[in-house]
There are 2 protein chains.
Amino acid sequence: MSDRVTSKDVARYAGVSQATVSRVFSGNSASVTPETQSAVLHSARALGYRPNVIGRMMRTRQTHIVGIVMANITNPFYPYVLEKFLQRLQQMERQVLLFTAAPEQSVDDLLPLALQHQVQALIITSATLSSAMIAECARAETPVILFNRTVTGESISAVCADNLAGGRMVAELLWETGHRHFAYITGEPDTSTQVDRYRGYRDALAERGITQIALEHGVYTYESGYRAAQTLLRQASRPDALFCANDITAIGAMDGARDLGLSVPHDISIVGYDDIPMAAWGAYQLTTVSQEVDVMIETTLEMLIRRVADPHALPELRLIAGRLKLRSSIQPRSKG
Amino acid sequence: MSDRVTSKDVARYAGVSQATVSRVFSGNSASVTPETQSAVLHSARALGYRPNVIGRMMRTRQTHIVGIVMANITNPFYPYVLEKFLQRLQQMERQVLLFTAAPEQSVDDLLPLALQHQVQALIITSATLSSAMIAECARAETPVILFNRTVTGESISAVCADNLAGGRMVAELLWETGHRHFAYITGEPDTSTQVDRYRGYRDALAERGITQIALEHGVYTYESGYRAAQTLLRQASRPDALFCANDITAIGAMDGARDLGLSVPHDISIVGYDDIPMAAWGAYQLTTVSQEVDVMIETTLEMLIRRVADPHALPELRLIAGRLKLRSSIQPRSKG
DNA sequence: TTGAAAGCGCTACCAA
DNA sequence: TTGGTAGCGCTTTCAA
């Protein structure tokens, strides 16, 4: 199977040494006369030769492969992230080995495989790592960068939205527009993103004297948002403001509210987080916190390049501020 | 950089030969006494050894890597497809090298890279290949399977929805429910999927004496559907039935119609294709043709396994029938 | 069962 | 500028 034609074959055909063929194809053609070079290229074309990258990796001990672990591709926030990472890494002449964590599968089980493939670096989105695994990557000198998650108390690089500030912004917006009865739909409980979003929200409200927040559990999906909203809104004391851990949850919540005969924003204001494409759709017009995805991606790539160049660079956490995106899923309440 | 610890180090540490270490880690541990084996494993753990897969690839000339080329990840139909392919391939102990075609970039430019990485097989979604590239893959004996596209007159394997039949089903449904003024919003013009969907639609209507179909151009996106629908619906002779090349276009079209003050389905019935998650959302309830994605994926994987096992297997085209998914974006018209 | 040794396809060193 | 050669880390004969 695979490329049967090797540099040896090309060399024989062109009447040069195998080393010369290698020079032509490895960019060292500076030290090859134009004539030999074209002879080699001609032979290569005739035989249909393409250098076997595995051989090159073996010799140079450089794979130029970046591993990406993505736990949650079907959350509409991630396809864009993935596409952008791919495009940029391809531009940088890096290949991407993609891994996904199956339901109930820990990222920890995926990483050994990635490490064995000698990836140059690892980007892990929407998931975290055990300390043991962090240590193992460190020992292998493989830089790891968390995207959209943080781990506290660990020595690991991460690029993340400033979720604490984002949660505060939402609380302040809702407060200023006269809301007084607050609710929150969570994401998966131990994800740093939603924990921080909630803490920011809760703290800002507490500073304004609000200590009661109706909580309902969600798992970052449309369906969970739908159900959670219906549970919340069927209760006697209905909130007038609902913040959701992310947009897809919020969109589910909007539909859940409407199917109870409630109007958004007339009966309840709803706010999400992420600014996914659907948030701007006519039927939703969801007010949300826009993550600066492009900035987050570029920051991640910069860190990646830096850490590949210098494996001993200290890990750093970069928080990227978000922006409120006002749309019509909220409306002011008469105060009092 | 990367794993500094090799089988040689483990061998020295354990006081055995390097070959023995290899036997332990390559599944040939049948021919190793339990004592040696545990000595080796113990040393490996002590040193933090993990086999270098690149070395193995080099020696066995088997990468166990499957290449996936995906042109259009942000179309909500694909994240699920990608996630499922990843999960299944991971189960099959295959790694995935993922490529995306940047805007205006041909898949042809990506394939040489994949081939050089000695992928075992290639899955290409939502894109086609030139004859030259098909020939090149054949010469390299790398099986290629098109997912959700076909190429006519070429010797290449493909798994695709039966779009011709799907288009017919939509036409028949709309005709039976009393619609008489038909429109269609295209996808990118030379993609086999939308060409077939349109042909099925047009032919079935022609058989019923309808020869006029209002056409508008789209590119498989929400925005293009929105715009195209507005153009169509501003015209004096408004259609009462609109079929869109895919769901995301149809959803854009629904919002476009509503923003003109029209009601779906009261003023116009709209039908999509794919059955993406958003089609079921409360705000849309889009009638559509459901692709049997899981069946398509399993079929693709079966073909892939078969062709990897037997590189000379003949290419085949498998069409997977879809099913109408009736929702409330259409309503019957009083005939005549 | 174990070890020695060859070699996968390539790059990079050293001599010529 | 070119060729010969060593060797990346591994698997897999072949002998012992």
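Chain letters run A, B, ... following the sequence lines, proteins first, then strands; residues in each count from 1. Below, all heavy atoms of this structure are taken into account, side chains as well, without hydrogens, waters or symmetry copies.
In this structure, B:N52 places its CG atom 17 Å from P of C:dG9, rounding to the nearest Å. Between B:H64 atom NE2 and D:dT11 atom P the separation is 11 Å, expressed in whole Å. Following rounding to the nearest Å, B:H117 (NE2) and C:dC10 (P) show an atom-to-atom distance of 13 Å. Rounded to an integer number of Å, the gap from CG of B:D9 to C1' of D:dC10 is 13 Å.
Here B:T20 reaches the OP1 or OP2 of C:dG3: one of its side-chain N or O atoms lies under 4.0 Å away. OP1 or OP2 of C:dG3 sits under 4.0 Å from a side-chain N or O of B:S17.
Residues that satisfy the salt bridge (charged side-chain N to carboxylate O under 4.0 Å, His left out) test with B:E302, not counting sequence neighbours, are absent from this structure. In this structure A:E188 satisfies the side-chain hydrogen bond (donor to acceptor under 3.5 Å, both in side chains) test with no other residue, sequence neighbours excluded.
Contacts classified as salt bridge (Lys or Arg N to Asp or Glu O under 4.0 Å) and involving residues 73-86 of chain B (residues at least two apart or in different chains) are given here: B:K84-B:D294. Sorted by first and then second residue, the pairs that involve residues 94-104 of chain A and meet side-chain hydrogen bond (donor to acceptor under 3.5 Å, both in side chains), not counting sequence neighbours, are A:H64-A:R94, A:R94-A:Q120. Within the structure, salt bridge (Lys or Arg N to Asp or Glu O under 4.0 Å) pairs that include any residue of residues 6-30 of chain A comprise A:D9-A:R12 (at least two apart or interchain). The list of side-chain hydrogen bond (donor to acceptor under 3.5 Å, both in side chains) pairs with a residue in residues 68-77 of chain A, not counting sequence neighbours, is empty.
At the heavy-atom level, A:V53 lies nowhere under 4.0 Å from the strands shown. Counting any heavy atom pair closer than 4.0 Å across all strands shown, B:T33 reaches sugar-phosphate atoms only and no base atom.
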For this session: Between protein and nucleotides 11-16 of chain C, map the contacts as a letter string: B base, S sugar-phosphate only, - none, heavy atoms under 4.0 Å, written 5' to 3'.
Result: BBB---
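When distances are taken from the side chain of A:T36 to each of D:dC10, D:dC8, D:dT2, the shortest belongs to D:dT2.
Using five terminal pairs a side, the axes of the helix from C:dT1-D:dA16 to C:dA16-D:dT1 at its two ends make an angle of 40°, given in steps of 10 degrees.
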Check residues 310-318 of chain A and write down every donor-acceptor pair under 3.5 Å in which the side-chain atom is one partner and the other belongs to a residue at least two apart or another chain.
from: A:D310; atom 1: OD1; to: A:H312; atom 2: N; distance (Å): 3.0
from: A:E316; atom 1: OE2; to: A:R306; atom 2: NH1; distance (Å): 2.5

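Each of B:M58 and B:Q37 was assigned the nucleotide of DNA chain C with the nearest heavy atom; the assignment lying further toward the 5' end belongs to B:Q37.
Between A:L115 and A:E136, the shortest heavy-atom distance links the atoms CD1-CG, 4.1 Å.
A centroid separation of 6.0 Å or more is found between the aromatic rings of A:Y49 and A:Y13.
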